Amino acid sequence: MRVRLRAEEGVHDMGLKAPGIVTFMLSVILTVIVLMSKFFGAEIPWLTGNESWAMLVSYLILMLGCMVRGM
């Protein structure tokens, strides 16, 4: 998938790609941990009360994996 961006200098292509398996699995594991904490009452010391931030980090990891080559 290619996204065309318009800039002052002209048109630039931003190539999106599938994330690597490690990046994808890291994001999925973090998401599952957050969901377990939120809906099943698992108490994880650094995560309890910060579920929204952890989900945001999980999404950002996945997004960067799609945008940055080599991740």
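Fair warning: this is a prediction, and the values are worked out from it, not measured in the lab.
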Backbone of Thr48 reached by a side-chain donor or acceptor of Ser37 within 3.5 Å
no

CD1-CG distance between Ile21 and Leu26, expressed to the nearest 0.5 angstrom:
11.5 Å

Distance in Å, Leu16 CG paired with Met63 CE, rounded so as to fall on 0.5 Å steps:
10.5 Å

Can you name the closest pair of heavy atoms from Leu47 and Ala54 and give their distance?
CD1-CB, 3.3 Å

To the nearest 0.5 angstrom, please state how far the OG atom of Ser58 sits from the CG atom of Leu35.
9.0 Å

Shortest non-hydrogen contact from Gly65 to Thr23?
CA-CG2, 3.8 Å

What heavy-atom pair brings Val68 and Lys17 nearest, and what distance separates the two atoms?
O-CE, 3.3 Å

Measuring from Leu60:CG to Met67:CE, what's the distance to the nearest 0.5 Å?
10.5 Å

As an exercise, state the distance from CG of Asn50 to CD1 of Ile44, rounded to the nearest 0.5 Å.
11.5 Å

